[in-house]
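As the structure lists them, so they are numbered: ligands from 1, and atoms in each ligand from 1. Residue numbers start at 1 and run along the sequence shown.
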Amino acid sequence: MLLDFAPQVHDALRTNKPVVALESTLITHGLPYPTNRDTALAMEAAVRDSGAIPATIAILNGKITVGLSETQVESLAQAKNVRKCSRRDLPIAVGLGETAATTVAGTMIVAHMAGINIFATGGIGGVHRGHPFDVSADLIELGRTPVAVVCSGAKSILDLPLTLEVLETNGVPLLGYQTSTLPAFYTRDSGLPIDAQVNTASEAASVIRAAQKLNAQHGILITVAVPENEALAAEIAEKAILQATEEAESQGIHGKEVTPFVLGRVVELTDGKSMAANQALLINNARVAAEIASQL
Ligand code: PSU
Ligand code: MN
């Protein structure tokens, strides 16, 4: 079979229980060891605590795996030089028998193949600052794959207004979960508009159900602000982001390396505060996604 399911995920899908997909790039490229492992396991626990089954998605020795064991999370968390798989990378990793991590785009593709309609992550990719042609494949995937993505907006290391334009062009509904503006990843409020605010899991679920009835072939973004206690002050986040982005530029870092480099530098420049925010929002988003999945 093309997909390798963990027994629990297989059972849950067969008996129509709520399942939430989780990505693996944040394990291999988003956070350092052992925070990556601990956060991935804490996200799974948050999904379970809210009554759903977590399915972390990755490619292990060329096998697309839906639902990782704790040992598999641990070994992925320690793995070096793992491919970061967006749409274009999936056939390469599978065809060459690699162990690889899936991005938001890669995870959406696999979740949809597996019959999972909701997915939780930190921040989606977007349009890079100063590089309006570096548009994350996440935005294109959201326009063509019917999976709801719960996140804290696009990472604020990106050009958020341009990111919103691309989402609009691709026909992606942008919801704010208990927020009236777009969250900016490390901070709660970008000041940018969303399409609609939803206040409960059941309201969010009803938009997803409507999209299903309409036979919509696109994703839905459900944005949740980072928990208040862990949010960074806007000036601190912005200053670190500006410096990290300039360093990426001057060191000639580009393509798929930009996001991991900038995220890592921002952690250093904020004395780890951005990492605490990143962790808190990932776990919170996993919980919200599970609550919505339970309503579906
Ligand atoms: N959010 C995080 N950490 C991450 C990412 C998102 O908190 O590491 C990853 C996601 O997998 C997303 C990817 O799909 O970064 C975007 O990369 P790019 O800008 O190269 O498309
Ligand atoms: Mn890119």
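Considering only non-hydrogen atoms, atom 8 (O) of ligand 1 lies nearest to Gly30 out of Gly30, Ala137, Gly264.
Using a 4.0 Å cut-off between a side-chain N of Lys or Arg and a carboxylate O of Asp or Glu, Lys239 and Glu235 do not qualify as a salt bridge.
Where the criterion is an N or O separation shorter than 3.5 Å, residue side chain and backbone included, Ala105 fails it with respect to ligand 1. Taking any N or O of Glu23, backbone or side chain, at least one lies under 3.5 Å from an N or O belonging to ligand 1. Polar contact check, Leu282 against ligand 1: no nitrogen or oxygen pair lies under 3.5 Å apart. Inclusion of Lys84 in the set of residues having an N or O under 3.5 Å from an N or O of ligand 1 is warranted.
Within Asp134, the N, O or S atom lying nearest to the Mn ion (ligand 2) carries the name OD1.
Atom 6 (C) of ligand 1 has its closest protein heavy atom at Gly123 O, 2.9 Å. In terms of protein heavy-atom proximity, atom 16 (C) of ligand 1 is closest to Lys155 NZ, 3.6 Å. Scanning all protein heavy atoms for the shortest distance to atom 21 (O) of ligand 1 gives Ser136 OG, 2.7 Å. Here the heavy atom of the protein found nearest to atom 19 (O) of ligand 1 is Thr259 OG1, 2.7 Å.
Between the side chains of Gln197 and Asn199, at least one donor N or O lies within less than 3.5 Å of an accepting N or O. Tyr186 and Glu238 share no side-chain donor-acceptor pair at under 3.5 Å. Side-chain N/O atoms of His112 and Glu141 include no donor and acceptor closer than 3.5 Å. A donor-acceptor contact closer than 3.5 angstrom links the side chains of Thr121 and Glu23. Counting only N and O atoms by type, the side chains of Gln243 and Glu247 include a donor and acceptor under 3.5 Å apart.
Cluster membership check: Leu164 shares its hydrophobic cluster with Val166, using side-chain heavy-atom separations under 4.5 Å among Ile, Leu, Val, Met, Phe, Trp and Tyr.
Heavy atoms of Asn278 found under 4.0 angstrom from ligand 1 belong exclusively to the side chain. When heavy-atom distances to ligand 1 are checked against a 4.0 Å cut-off, Asp138 comes that close only through its side chain, counted from C-beta outward. For Thr103, heavy-atom contacts with ligand 1 shorter than 4.0 Å involve the backbone as well as the side chain.
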* Could you walk me through whether Ile124 and Val149 pass the side-chain contact (heavy atoms from CB on, under 4.5 Å) check? -> CA-CA 9 Å; Ile124 58 166; Val149 179; 4.2 Å; yes

request  = Would you please test Arg87 and Arg144 for side-chain contact (heavy atoms from CB on, under 4.5 Å) and show each step?
outcome  = CA-CA 12 Å; Arg87 176 176 277 274; Arg144 63 193 277 187; 3.4 Å; yes

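Short contacts between ligand 1 and Leu263, defined as distances under 4.0 Å to a heavy atom of the residue, involve ligand atoms 3 (N), 4 (C), 8 (O).
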